[in-house]
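Okay, so here's the structure we're looking at.
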Protein chains: 2
Amino acid sequence: MAATLKDVAERAGVSRSAVSRTFTDGASVSIKMRRKVEKAAQELGYSPNFLARSLTTRRTKLIGLISNNFHNPIFLEVFDLFTRKLQESGLRPLLVNLSDETDPQNSVRMLQQYSVDGVVVASSTLPPEFSKAFRDAGVPVVNSFGRYSAAPQVHVVGIDNAECGRMAARELVKRGYRKVAFLGGPESATSTQDRFSGFVNALANHPDVTVTQSFAEAYSFDAGRKEMQRLLDADRPAEAYFCGDDVLSIGVLSAIEDAGLKVPDDVGIIGLNDMEMAGWESINLTTIRQPIAQIINSSVELMVAMLDEPDRYPEARLFSCKIIERGTLRPKT
Amino acid sequence: MAATLKDVAERAGVSRSAVSRTFTDGASVSIKMRRKVEKAAQELGYSPNFLARSLTTRRTKLIGLISNNFHNPIFLEVFDLFTRKLQESGLRPLLVNLSDETDPQNSVRMLQQYSVDGVVVASSTLPPEFSKAFRDAGVPVVNSFGRYSAAPQVHVVGIDNAECGRMAARELVKRGYRKVAFLGGPESATSTQDRFSGFVNALANHPDVTVTQSFAEAYSFDAGRKEMQRLLDADRPAEAYFCGDDVLSIGVLSAIEDAGLKVPDDVGIIGLNDMEMAGWESINLTTIRQPIAQIINSSVELMVAMLDEPDRYPEARLFSCKIIERGTLRPKT
DNA sequence: ACATTTTTTGCAACCGGTTGCAAAAACTGA
DNA sequence: TCAGTTTTTGCAACCGGTTGCAAAAAATGT
């Protein structure tokens, strides 16, 4: 079928090694030899088989891109950026959907069978066992959007979720809200836990501000909407909510609107992520921007570095977030 | 590092072939032998290297999943479903982002280097040359969401876009709209062309109905919003619009709302896709549902069939769409 | 022109598997 | 028990590449 090394060698009348060398950079080939080989290769439409090559080089340039989040539109941006940046770096993403996988060992085995050079875990909700399992198997891992920890076990690139919580809290206080609430994603997600603790911490110095909390089942529109409806049925709403993320916020907004309340006059909302949709005029969500492009670029750079230095000491790379003011919080007084 | 066939063979005190055979189903191994080998493999944590295997079997179980659409949220659903279904079928998606690739040959070469068993082109906007290039290179291709044609050159799974156009037209007429418009995606996309021609055709029998048309730059919120703003500045709007897809429709809705007009009282909108978001209460878009899960399942099944029968005669598999009535068209009179 | 150094080339073994073939082992039936 | 048949096993070649090593060729210095 497709031409092989041998075919090219025969056609050019040279040894197989010569052909191999013309296609591996850094190898010693004379210019005349290279010409001859390239000509033959051209005529046969030859290009080297990466997988055969990987057998000896032990490099496939395949990177497992694993996630369990295929319902939050922000992840489309994430996949877009990851695939682009990986491609630019000469790597290829093997996409793995872990939505209904619970055993890390399965994923590890699967990815080992494909000899991936490394794994990017792109999720803020996947249990940390997954990243650890890869590390334990000796596969380089970067956990993007993962939990920051002072002594990270695996490489983490993301934001300081606790700081985001504090940031949201300060912003709400600054705008004069005195009855605020946290409406998080699933309580089991580390991102939710950290945002919550930061939020509460920052409010500890403000005895005049009361805080309540609740958790949606997922980072999704429906979950946000449902949770907010529940809250509205049960109680008078708080004056302002820090929501787990943007898509959750949009669900919350929808519930508020249905209840006949006005944003930001009756209720304030601040989200997190600044996904594309947050800027849509009909949504116009005030939110904390997570610099996803930077996180992803840095993740890939880190991965590239790790390919050369697998035992690199685990580090945490955190990016700062900033508030994007739109129309869902009342103006500063 | 990881245990190899040879390690297992030595540990079990048998030949390498014996080990190989225990891990290839359909091979002849006695039960005793199998036990011995499995024990040794277990102890060493061995599992076979798929890529080495592929060298002789000529099967990698890698499928190129290529798309250029990383901005339309519907594609997150598409990726979710594709990855799941491929995984279920024992295949692995190698994700390729063709957003800024213009030369089909590059993609073909790249995927050949990874010896993919086949390629799924998941896009309604990628030029047909891409699919053709794969076919010409002898790589099995399925074009999902591609253009239907009576004599397809490659396997196509999707919907009959012209029929959708007719369906939209009939629906608008039925609801008494007499001044209707088509607001498509990019004019170069075959899906847009077909939807448009179907729409116009169906209206040919209705001399009392006037049609106008325009095209947004992309299937995106911004493009839809911008195009609608342009229309509103230039003219009185039509009574109802058939929009290229849902995300475009949402942009259009946003422009209409900003202009102080009411939907469906002042302007009617019908979209296409029925993406998750179309059902959000704050959007509540009447739309034509494209059965994406069926399309994707069928695409993967077709791909699996092609792996066994590469020269299968190209077929087109079309699924019918149906109108999902929500709140953006006025009620039937 | 020659000896010396440097560069280029081919040989052969290897990466981690599979598989056709023939020998060995295990069954059959009488 | 033994010849005949069937099943299981190992050998060795192969898949499509890479690479250490030594020999061949080219470049260098005098």
Side-chain angles (χ1 to χ4, degrees), chain A residues 1-41 44-62 109-117 138, chain B residues 1-41 44-62 109-117 138:
Chain A
M1 189 103 347
T4 76
L5 193 77
K6 198 169 140 227
D7 301 331
V8 178
E10 279 166 7
R11 171 149 205 149
V14 301
S15 75
R16 292 162 59 222
S17 342
V19 180
S20 173
R21 289 194 179 102
T22 17
F23 287 95
T24 32
D25 28 36
S28 147
V29 227
S30 69
I31 181 86
K32 271 174 64 181
M33 172 67 82
R34 159 156 276 134
R35 289 272 156 68
K36 248 195 303 188
V37 171
E38 275 171 353
K39 179 154 172 289
L44 274 67
Y46 169 81
S47 60
N49 180 327
F50 276 27
L51 303 182
R53 169 179 287 173
S54 78
L55 225 43
T56 44
T57 60
R58 296 160 167 291
R59 283 283 171 93
T60 55
K61 302 205 168 260
L62 248 26
R109 184 151 17 85
M110 192 250 115
L111 284 160
Q112 275 186 324
Q113 294 192 309
Y114 279 99
S115 318
V116 295
D117 287 349
Chain B
M1 190 97 355
T4 74
L5 192 78
K6 198 170 141 225
D7 301 331
V8 179
E10 279 166 8
R11 173 150 204 147
V14 301
S15 74
R16 293 161 59 222
S17 344
V19 180
S20 173
R21 289 194 179 102
T22 15
F23 287 94
T24 34
D25 27 37
S28 146
V29 226
S30 70
I31 181 86
K32 270 175 66 182
M33 172 66 83
R34 157 157 277 135
R35 289 271 155 69
K36 250 197 299 189
V37 171
E38 275 170 354
K39 178 152 173 291
L44 273 66
Y46 168 80
S47 60
N49 179 327
F50 275 27
L51 302 183
R53 170 180 286 174
S54 78
L55 225 42
T56 42
T57 59
R58 297 163 166 289
R59 283 283 171 93
T60 55
K61 301 204 170 259
L62 246 29
R109 183 149 20 83
M110 191 251 114
L111 285 160
Q112 276 188 322
Q113 294 191 310
Y114 279 100
S115 320
V116 295
D117 287 350

Can you list the residues that meet the salt bridge (Lys or Arg N to Asp or Glu O under 4.0 Å) rule with [X], with sequence neighbours excluded?
{"X": "Arg53(B)", "value": "none"}
{"X": "Arg16(A)", "value": "none"}
{"X": "Arg34(B)", "value": "Glu38(B)"}
{"X": "Arg59(A)", "value": "Asp308(A)"}

What residues form a side chain to side chain contact (heavy atoms under 4.5 Å, CB included) with [X], not counting sequence neighbours?
{"X": "Thr4(B)", "value": "Lys6(B), Asp7(B)"}
{"X": "Thr56(A)", "value": "none"}
{"X": "Lys36(B)", "value": "Val14(B)"}
{"X": "Gln112(A)", "value": "Val108(A), Ala137(A), Val139(A)"}

For this session: Measure from the side chain of Ser15(B), starting at C-beta and using heavy atoms only, and say which of dC11(D), dG10(C), dT9(C) lies closest.
Result: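 Comparing dC11(D), dG10(C), dT9(C) against the side chain of Ser15(B), the answer is dC11(D).
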For this session: Note the angle between the end axes of the helix from dA1(C)-dT30(D) to dA30(C)-dT1(D), five pairs defining each, rounded to 10 degrees.
Result: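 The two end axes of the helix from dA1(C)-dT30(D) to dA30(C)-dT1(D) meet at 20°.
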Problem set entry | Stepwise side chain to side chain contact (heavy atoms under 4.5 Å, CB included) check, Phe23(B) with Val37(B) | CA-CA 9 Å; Phe23(B) 287 94; Val37(B) 171; 4.2 Å; yes
Would you tabulate the pairs of protein nitrogen or oxygen atoms and nucleotide nitrogen or oxygen atoms of nucleotides 4-7 of chain C closer than 3.5 angstrom?
none

Seminar exercise, completed: With sugar-phosphate taken as primed atoms, P, OP1 and OP2 and all else as base, the protein-contact string of nucleotides 12-25 of chain D at under 4.0 Å (heavy atoms; B, S, -) is B--BBBBBBB----
For this session: Only counting residues at least two apart or in another chain, list the ones meeting side chain to side chain donor-acceptor pair (under 3.5 Å) with Thr60(B).
Result: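 Partners of Thr60(B) under the side chain to side chain donor-acceptor pair (under 3.5 Å) test: Asp117(B).
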